[in-house]
Amino acid sequence: MSQDLVLFSGNSNPELAQSIAKHLNLPLGNAVVRNFSDGEIWVEVEENVRGRDCFIIQSTSHPVNRNIMELLIMVDALKRASARRITAVIPYYGYARQDRKSAPRTPISAKLVADILTTAGTQRVLTMDLHAGQIQGFFNIPVDNLFAMPVMIKHLQPLCDSDTIIVSPDAGGTERARAYAKRLDTALAIIDKRRTGPNVADVMHIIGDVKGKRAVIVDDMVDTAGTLTKGVEALLKHGARSVIACATHGVLSGPAIQRIEESPIESLVVTDSIPLSPEAQACSKIKVLSVAELLAEAIKRISEEASVSSLFI
């Protein structure tokens with residue numbers, strides 16, 4: 001690796017950062033990130049970064065606002081230390097669900113976060129499975145939106161046979177589900193749902209034949225697991241033999257773990273883009289796959305000014 005490349009990590013996901021560093025055969029850069037007694041965040045970069053290519057690994061997951069502020073302050077510290085380029089590696093991009101005006105007089109917070117990151121001094125963003133692809137257009141800097149699909153496909157291939165069917169949990173996820181179905185050579189189904197409020201969904205019916213098949217729900221994230229567990233119930237009601245789910249980001253907030261444990265779902269596969277709570281780690285139905293190697297390869301190619309397009313296939 002180039003001596004110009006240096007990795008830093010905030011406090012949101014140190015395990016993933018260490019794993020990425022291991023794949024790159026690099027140590028994490030020396031930086032202190034801590035709090036004053038009143039909660040203010042204080043950062044000090046303890047090594048020379050002048051003229052170097054700096055990457056900050058920080059998911060903006062819970063606690064979302066604290067992790068965003070950590071990232072912004074680290075960016076500012078590196079900018080003032082004369083880093084040549086600052087790339088924010090954000091495996092999970094918080095506020096991504098607020099990507100449009102869903103009602104009168106509501107914000108587009110995903111755009112606001114993009115503006116703040118850019119203003120702070122971020123010169124490039126590397127992220128994964130954005131909730132809405134158009135968020136890339138909210139930035140006026142380069143954005144690489146990787147997909148966890150290669151990692152998930154590797155896990156699913158031994159489990160898939162002629163009776164497997166890929167299921168999109170809603171109409172908006174059809175493109176993602178179709179890509180999985182194409183690569184796994186399986187059929188495709190869609191769950192038609194209606195939202196009655198934030199984090200509340202009522203499943204209406206299934207588009208496609210799932211009778212006697214092993215259904216695999218694919219999504220970008222699982223938050224409270226309300227949509228997921230209702231989708232599982234609907235699929236089984238329509239004759240599915242069993243149901244597993246794959247979601248890149250395991251947000252798993254509120255009653256999510258309880259719902260998953262009480263659900264007839266066989267398993268939920270997530271990635272380590274977000275660190276799981278001890279409760280989630282103890283749940284036997286949840287399996288975690290690592291995206292560290294994929295992110296490390298993207299970081300390597302960005303630093304070497306090489307093409308990253310093959311990672312999107």
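The analysis underlying the following values was restricted to heavy atoms, covering all of them including side chains, and did not include hydrogens, waters or symmetry mates.
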Task: Test item: I165 and T186 side chains (from C-beta on) under 4.5 Å apart, heavy atoms - done: no
Task: Step-by-step side-chain contact (heavy atoms from CB on, under 4.5 Å) determination, F139 to D115 - done: CA-CA 7 Å; F139 290 87; D115 288 343; over 6 Å; no
Open item on the list: Is any side-chain heavy atom of D219 closer than 4.5 Å to one of R176?
Closed with: yes
Open item on the list: When you compare the side chain of Q123 with that of I141, does any pair of heavy atoms fall below 4.5 Å?
Closed with: no
Task: Transitive ILVMFWY side-chain link M221 to V216, under 4.5 Å - done: no
TODO: Say whether V113 and M69 are linked into one hydrophobic cluster, either directly or through other cluster members, by side-chain heavy-atom distances under 4.5 angstrom.
DONE: yes
- [ ] Salt-bridge test for E44 and R34: reply yes if a basic N is under 4.0 Å from a carboxylate O, no otherwise.
- [x] no
Task: Minimum heavy-atom distance S59-S273, with the two atoms named - done: OG-O, 2.6 Å
Task: Sidechain-backbone polar pair: T122 side chain, L117 backbone, donor-acceptor under 3.5 Å - done: yes
- [ ] Considering non-hydrogen atoms only, spot the tightest contact between G121 and K79 and give its length.
- [x] CA-CD, 4.1 Å
- [ ] Taking D99 for its side chain and A110 for its backbone only, find out whether a donor-acceptor pair lies under 3.5 Å.
- [x] no
Open item on the list: What verdict does the side-chain contact (heavy atoms from CB on, under 4.5 Å) test give for R241 and K213, after you've listed the backbone C-alpha separation in whole Å, the side-chain angles of each residue and the deciding distance to 0.1 Å?
Closed with: CA-CA 5 Å; R241 186 174 79 243; K213 295 184 178 180; 5.5 Å; no
Open item on the list: I want to check something: taking the side chain as every heavy atom from C-beta on, are L5 and I299 in contact at a cut-off of under 4.5 Å?
Closed with: yes
Task: Closest approach of A81 to V49 (non-hydrogen atoms, all atoms of both residues) - done: CB-CG2, 3.5 Å
- [ ] Report the C-alpha distance between V308 and I302 in whole Å, list the side-chain angles of each, state the deciding distance to 0.1 Å, and finish with yes or no for side-chain contact (heavy atoms from CB on, under 4.5 Å).
- [x] CA-CA 7 Å; V308 297; I302 290 169; 4.1 Å; yes
Task: Residue E175 excluded, over 12 heavy atoms near CD under 6.0 Å - done: no
Task: Side chains of V89 and I56 in contact at under 4.5 Å (non-hydrogen atoms) - done: no
TODO: Please confirm whether the backbone N or O of G208 pairs with a side-chain atom of H238, one donor and one acceptor, at under 3.5 Å?
DONE: no
Open item on the list: Do Y92 and V251 make a side-chain contact, defined as non-hydrogen atoms from C-beta onward lying under 4.5 Å apart?
Closed with: yes
TODO: For the residue pair K300 and E297, establish whether any side-chain heavy-atom pair is separated by less than 4.5 Å.
DONE: yes
TODO: Give, for atom CD1 of I41 and atom CZ of F36, the distance between the pair rounded to the nearest 0.5 Å.
DONE: 11.0 Å
Task: Criterion side-chain contact (heavy atoms from CB on, under 4.5 Å) on L236 and V243, from CA distance to verdict - done: CA-CA 8 Å; L236 293 173; V243 183; 3.9 Å; yes
Open item on the list: Within a 6.0 Å radius of atom NZ on K154, are there more than 12 heavy atoms belonging to other residues, nucleotides or ligands?
Closed with: no
Task: Co-membership, hydrophobic cluster, residues I90 and I135, 4.5 Å side-chain - done: yes
- [ ] Indicate yes or no for a side-chain donor-acceptor contact from K285 to the backbone of S263 under 3.5 Å, with no hydrogens or angles considered.
- [x] yes
Task: Atom pair CG/OG1 of L72 and T119 - distance to nearest 0.5 Å - done: 9.5 Å
Open item on the list: Surrounding NE2 of H23 (heavy atoms of other residues, nucleotides or ligands, distance under 6.0 Å), is the total greater than 12?
Closed with: yes
Open item on the list: Is there a salt bridge (charged side-chain N to carboxylate O under 4.0 Å, His left out) between E47 and R52? Walk through the geometry before answering.
Closed with: CA-CA 11 Å; E47 64 179 274; R52 300 183 73 183; 3.3 Å; yes
Task: For A298 against L146, the heavy-atom pair lying closest together - done: CB-CD1, 3.7 Å
Task: Nearest-0.5 Å distance, CD of residue Q58 to CG of residue L16 - done: 11.0 Å
Open item on the list: With clusters defined by side-chain heavy atoms of hydrophobic residues (ILVMFWY) lying less than 4.5 Å apart, directly or transitively, does L78 cluster with W42?
Closed with: no
TODO: Hey, could you give me the OH/CG distance between Y93 and D129, rounded to the nearest 0.5 Å?
DONE: 15.0 Å
Task: Side-chain (N13) to main-chain (D272) donor-acceptor, under 3.5 angstrom - done: yes
Task: Short side-chain to backbone donor-acceptor contact, T271 and T248, under 3.5 Å - done: yes
Open item on the list: Do the side chains of D161 and R214 get close enough for a salt bridge, i.e. N-O under 4.0 angstrom?
Closed with: no
Task: N-O pairing of K237 and E233 below 4.0 Å - done: no
Open item on the list: Surrounding CD of E293 (heavy atoms of other residues, nucleotides or ligands, distance under 6.0 Å), is the total greater than 12?
Closed with: no
Open item on the list: Applying side chain to side chain donor-acceptor pair (under 3.5 Å) to S168 and R178, what does each step give before you reach the verdict?
Closed with: CA-CA 8 Å; S168 172; R178 185 183 293 117; over 6 Å; no
Task: Spacing of CZ belonging to F55 relative to CZ belonging to R124, to within rounding of 0.5 Å - done: 8.0 Å
Task: Rounded distance (nearest 0.5 Å) linking atom CD1 of I265 with atom CG of L228 - done: 4.5 Å
Task: Shortest non-hydrogen contact between V151 and S290, atoms and distance - done: CG1-O, 3.7 Å
Open item on the list: Applying side chain to side chain donor-acceptor pair (under 3.5 Å) to D223 and S253, what does each step give before you reach the verdict?
Closed with: CA-CA 6 Å; D223 188 355; S253 65; 2.2 Å; yes
Task: CZ (R84) with more than 12 external heavy atoms under 6.0 Å - done: yes
Task: R50 backbone acceptor or donor facing S82 side chain under 3.5 Å - done: no
Task: Sidechain-backbone polar pair: K111 side chain, F138 backbone, donor-acceptor under 3.5 Å - done: yes
Open item on the list: Please tell me whether V218 and I207 are part of a single hydrophobic cluster in this structure, the criterion being side-chain heavy atoms less than 4.5 Å apart.
Closed with: no
Task: L156 vs T164 side-chain heavy atoms within contact, under 4.5 Å - done: no
- [ ] Mark yes or no for whether T229, through its side chain, and G226, through its backbone, hold a donor-acceptor pair below 3.5 Å.
- [x] yes
Task: Closest heavy-atom pair and its distance - A148, L294 - done: CA-CD2, 4.5 Å
TODO: Indicate yes or no for a side-chain donor-acceptor contact from Q281 to the backbone of L276 under 3.5 Å, with no hydrogens or angles considered.
DONE: yes
Open item on the list: Assess, by modelled atom type and distance only, whether the side chains of N11 and E70 contain a donor and an acceptor separated by less than 3.5 Å.
Closed with: yes
Task: SB check D53 R85 (cutoff 4.0 Å) - done: yes
